[in-house]
> 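What follows is a single structure, and I will ask about it in a moment.
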There are 2 protein chains.
Amino acid sequence: MKKATLKTISDESGFSITTVSRALAGYADVNERTRQLIIDIADRLGYQPNLTARHLRSKHTNTLGMVIPLTAYYSDQFFMTLLSGVGQQAARFGYDLLLSAQMRGEEEISAYRRMVDGSRVDGMVLARVRQRDARLDYLKGSARPYVVFGHADEDDYPYIDVDGKTGIRQMVHHFAAYGHRRIALIAAPDDLAFAPLRLAGYWAALDDLGLPRDPRLVVTGDLSADSGAAAVTQLLGQPDPPTAILACNDQMALGAMAAITARGLRVGDDVAVAGFDDIPAAANASPPLTTIRQPIFEIGQSLAQTLIGLIRGEAVHDLHVLLDPELVIRASSGKPRAG
Amino acid sequence: MKKATLKTISDESGFSITTVSRALAGYADVNERTRQLIIDIADRLGYQPNLTARHLRSKHTNTLGMVIPLTAYYSDQFFMTLLSGVGQQAARFGYDLLLSAQMRGEEEISAYRRMVDGSRVDGMVLARVRQRDARLDYLKGSARPYVVFGHADEDDYPYIDVDGKTGIRQMVHHFAAYGHRRIALIAAPDDLAFAPLRLAGYWAALDDLGLPRDPRLVVTGDLSADSGAAAVTQLLGQPDPPTAILACNDQMALGAMAAITARGLRVGDDVAVAGFDDIPAAANASPPLTTIRQPIFEIGQSLAQTLIGLIRGEAVHDLHVLLDPELVIRASSGKPRAG
DNA sequence: TTGTAGGCGTTATCAT
DNA sequence: ATGATAACGCCTACAA
């Protein structure tokens with residue numbers, strides 16, 4: 001049995017395709033008996049509209065698009081959590097999610113082009129925005145709505161972000177309050193939009209505290225756990241090593257903790273550690289990881305909701321949301337130190 | 001500037017839509033000068049084919065579909081990890097992923113219908129198959145290829161699964177080898193396909209060992225951490241409580257560990273615990289969780305690869321893959337006991 | 001080598 | 001209340 005279309009029902013019922021279409025769509029100008037007849041036939045045939053055809057005609061797809069890094073896998077709970085939030089809220093509004101995993105570069109942009117110019121989605125979610133971001137330039141030039149997780153100082157596209165500068169600044173103060181004076185930063189790659197903001201928060205805190213700006217205490221990682229471990233090797237290998245290490249994301253912090261433990265030192269005791277994000281693994285780490293919380297799941301929900309508002313042409317306020325950071329103090333940052 | 005279509009390029013170049021289409025598609029029967037001209041114009045206009053139209057015409061979408069539980073969020077690393085594997089491998093073959101988060105029931109089936117009968121995807125991935133699974137019945141009746149994570153004993157659809165019966169059986173033997181004789185099972189909901197298999201493994205192990213089948217040692221949970229904790233309350237509240245608890249998934253095992261700790265007992269010492277899955281959180285738990293590993297990410301990759309093979313009509317062997325279970329012994333199952 | 005014509009399945013416009 | 005017709009953008013016989 002072939003798939004039923006409007007034509008099948010039209011033939012079966014004797015009514016025109018037009019009438020069948022309108023009966024099924026619930027238009028008022030259809031005789032009730034006619035409608036019932038048509039609905040019965042449709043049910044009997046298991047009719048399901050061809051959504052591709054509908055999308056072609058109607059110009060919208062009830063689908064949100066997202067391109068995620070080809071490397072963002074179970075190692076990267078950040079993206080998975082975000083995805084969950086976006087997908088959950090999208091579903092609530094009747095939207096599906098079209099995902100494409102791509103490596104950074106040419107392929108990535110063409111994935112955007114396929115989704116947007118290819119008319120496969122009604123809007124895009126862009127996460128982990130970069131400085132001078134080609135994806136963003138593309139989206140700005142397109143007519144489709146989009147929302148962004150992250151921002152740079154002067155940006156004016158629709159975004160949600162956590163105030164990372166303030167967050168880092170507060171965490172450095174937390175370390176200082178515990179008696180630390182040699183506080184290191186494992187920074188994020190320069191090209192990420194949040195990298196300079198978080199670095200600025202670090203410098204600002206040192207200034208607040210009257211601590212010297214020591215460039216040897218700043219090591220840049222690539223957000224992976226391995227790079228966090230490598231940073232620890234470098235930091236603790238130098239004379240006058242730091243007693244506290246603040247990583248710009250939790251993955252690196254967890255890697256740092258592992259490296260510290262491997263050196264025979266105790267996290268929270270010999271060296272204090274903190275991260276940024278509060279991914280699920282942070283609370284489960286041992287010792288549990290002190291971190292700056294980003295409500296990633298909720299941000300995902302918010303992004304989806306805002307995006308759908310934009311798609312529907314509703315008046316969306318709060319196009320620029322900057323959330324206050326929330327410090328989550330756990331055991332990895334230790335206890336106040338003597339002296 | 002409106003979006004460029006074949007017609008735009010046709011008007012611009014003076015050639016017919018047909019010729020433009022063929023030039024861009026790389027057909028041989030197009031004059032090279034003509035092709036160059038057309039390609040230049042297409043580039044200049046930033047032409048991107050409307051994929052919706054192409055899909056309508058060509059009947060395939062280069063997209064895999066997956067419906068995930070609306071509740072499967074960051075709390076459920078199982079689905080996120082699986083999704084990662086599927087998405088990563090799909091991308092490698094040029095496929096995207098269409099996701100729909102749905103609650104179980106009517107909505108769930110209609111999400112399948114929209115994807116499959118609605119011609120939005122070329123094939124489906126079904127995870128966590130159930131007994132007498134309506135989704136599976138639907139897929140069997142459809143003409144689309146699909147692959148399944150999980151199986152029941154007599155099933156003959158394309159699947160990949162880990163041999164849970166053997167896995168549970170071996171883990172019970174592991175507990176017994178450590179000196180336990182009161183070994184409890186936190187079972188999975190009956191309607192999941194793997195539930196009776198794992199339960200059978202438990203009974204089989206008891207028989208192997210000459211231990212009595214005590215129904216009070218089997219409590220059924222709903223796969224959530226909370227239900228694992230509740231099971232512990234019930235198990236440890238009875239006279240002659242178990243000294244070892246085996247949960248049918250890691251989430252429940254982690255919940256069980258938390259409940260044991262909350263009672264003032266030490267996991268691995270007073271009560272041994274093990275789980276099933278080896279989700280990322282298992283290794284990070286404290287103490288680290290002994291478990292039966294499912295290579296979820298790799299299974300996701302395999303599922304995608306098999307599915308794409310089926311879609312392309314290639315001869316796919318190994319349509320029924322049953323992986324050997326791998327016991328991952330960590331600290332939560334404790335040490336051999338005296339006596 | 002290029003063009004004409006038809007159709008994929010749907011929805012919208014305009015008559016009747 | 002119903003139907004004929006066109007159009008969305010693309011692909012592909014078939015003709016020229």
Side-chain angles (χ1 to χ4, degrees), chain A residues 2-39 41-42 45-63 113-122 143, chain B residues 2-39 41-42 45-63 113-122 143:
Chain A
K2 300 213 47 175
K3 204 148 72 199
T5 70
L6 289 183
K7 176 138 190 355
T8 321
I9 301 176
S10 165
D11 292 347
E12 192 91 355
S13 68
F15 289 96
S16 72
I17 291 180
T18 307
T19 299
V20 172
S21 171
R22 279 195 300 223
L24 260 20
Y27 279 61
D29 60 355
V30 178
N31 185 304
E32 265 315 313
R33 295 224 333 266
T34 305
R35 185 196 310 279
Q36 259 322 316
L37 174 68
I38 287 173
I39 287 178
I41 295 178
L45 266 39
Y47 171 71
Q48 162 71 32
N50 182 317
L51 295 173
T52 302
R54 177 177 286 177
H55 297 161
L56 174 59
R57 189 48 234 234
S58 69
K59 307 288 192 192
H60 60 85
T61 61
N62 279 14
T63 305
R113 291 174 43 78
R114 286 200 306 274
M115 285 194 182
V116 174
D117 287 338
S119 296
R120 298 199 70 189
V121 302
D122 294 342
Chain B
K2 300 214 47 176
K3 205 148 74 202
T5 70
L6 289 184
K7 176 142 193 351
T8 321
I9 301 176
S10 166
D11 291 347
E12 193 91 354
S13 68
F15 288 97
S16 73
I17 290 180
T18 307
T19 299
V20 173
S21 170
R22 278 195 300 225
L24 260 21
Y27 278 59
D29 61 353
V30 178
N31 186 304
E32 266 314 314
R33 296 225 333 265
T34 305
R35 185 196 309 281
Q36 258 324 314
L37 176 67
I38 288 173
I39 288 178
I41 295 178
L45 266 38
Y47 171 72
Q48 161 72 31
N50 181 320
L51 296 174
T52 302
R54 179 176 284 178
H55 297 159
L56 174 59
R57 188 48 233 240
S58 69
K59 308 289 193 193
H60 59 86
T61 62
N62 279 7
T63 304
R113 290 174 45 78
R114 286 202 306 274
M115 284 194 182
V116 174
D117 287 337
S119 296
R120 297 200 69 189
V121 302
D122 295 341

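In what follows, every heavy atom counts, from backbone to side chain, and hydrogens, waters and symmetry copies are set aside. Chain A is the first sequence line, chain B the second, and so forth, proteins listed ahead of strands; every chain is numbered from 1.
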> Distance from B/N50 atom CG to A/L56 atom CG, nearest 0.5 Å?
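Spacing of CG (B/N50) from CG (A/L56) equals 6.0 Å.
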> How long is the span from the CD1 atom in A/I38 to the CZ atom in A/F15, to the nearest 0.5 Å?
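So the CD1 of A/I38 and the CZ of A/F15 are separated by 6.0 Å.
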> For nucleotides 10-16 of chain C, give me one character per nucleotide, 5' to 3': B if any protein heavy atom sits under 4.0 Å from the base, S if the only such contacts are to the sugar-phosphate, - if neither.
BBBBB--
> Under the criterion side-chain contact (heavy atoms from CB on, under 4.5 Å), I'd like the reasoning laid out for B/Y47 against B/I41: C-alpha separation, chi angles, the key distance, then a yes or no.
CA-CA 8 Å; B/Y47 171 72; B/I41 295 178; over 6 Å; no
> Please check the phosphate of C/dG3 (OP1 and OP2 only) for any side-chain N or O of B/S16 closer than 4.0 Å.
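Result: yes.
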> How would you list, by chain and number, every residue that makes a salt bridge (Lys or Arg N to Asp or Glu O under 4.0 Å) with B/K59, sequence neighbours excluded?
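B/K59: no salt bridge (Lys or Arg N to Asp or Glu O under 4.0 Å) contacts found.
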> Nearest whole angstrom, please: distance from the C1' of C/dC8 to the CG of A/L56.
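Roughly 9 Å, once rounded to whole Å.
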> By the 4.0 Å heavy-atom rule, please label B/S119 as base, sugar-phosphate, or nothing.
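No contact.
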> I want to check something: taking the side chain as every heavy atom from C-beta on, are B/R54 and B/L51 in contact at a cut-off of under 4.5 Å?
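The answer is yes, as the side chains (C-beta and beyond) meet within the 4.5 Å cut-off.
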> Within the 4.0 Å heavy-atom criterion, would you say B/N31 contacts the bases, only the backbone, or no part of the nucleic acid?
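Sugar-phosphate only.
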> Enter the distance from A/I9:CD1 to A/T19:OG1 here, rounded to the nearest 0.5 Å.
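Result: 12.5 Å between the selected atoms.
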> Looking at CD1 of B/I17 and CG of B/D11, how far apart are the two atoms once the value is rounded to the nearest 0.5 Å?
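Answer for the CD1-CG pair, B/I17 versus B/D11, is 7.5 Å.
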> Send over the distance from B/H55 NE2 to C/dC8 C1', rounded to a whole Å.
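Distance check: B/H55 NE2 to C/dC8 C1' gives 13 Å.
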> Extract, from 5' to 3' on DNA chain D, the first and final nucleotides lying under 4.0 angstrom from some heavy atom of chain B.
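Result: D/dG9 to D/dC14.
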> To the nearest angstrom, how far is A/I9 atom CD1 from C/dG9 atom P?
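Those two atoms, CD1 and P, are 13 Å apart.
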> Between B/T52, B/T63, B/T61, which is the residue that forms a side-chain hydrogen bond (donor to acceptor under 3.5 Å, both in side chains) with A/R120?
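Single side-chain hydrogen bond (donor to acceptor under 3.5 Å, both in side chains) partner of A/R120 among B/T52, B/T63, B/T61: B/T63.
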> When we call it a touch if two heavy atoms are under 4.0 Å apart, what does A/G14 touch: a base, just sugar-phosphate, or nothing?
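Here A/G14 touches the backbone only, sparing every base.
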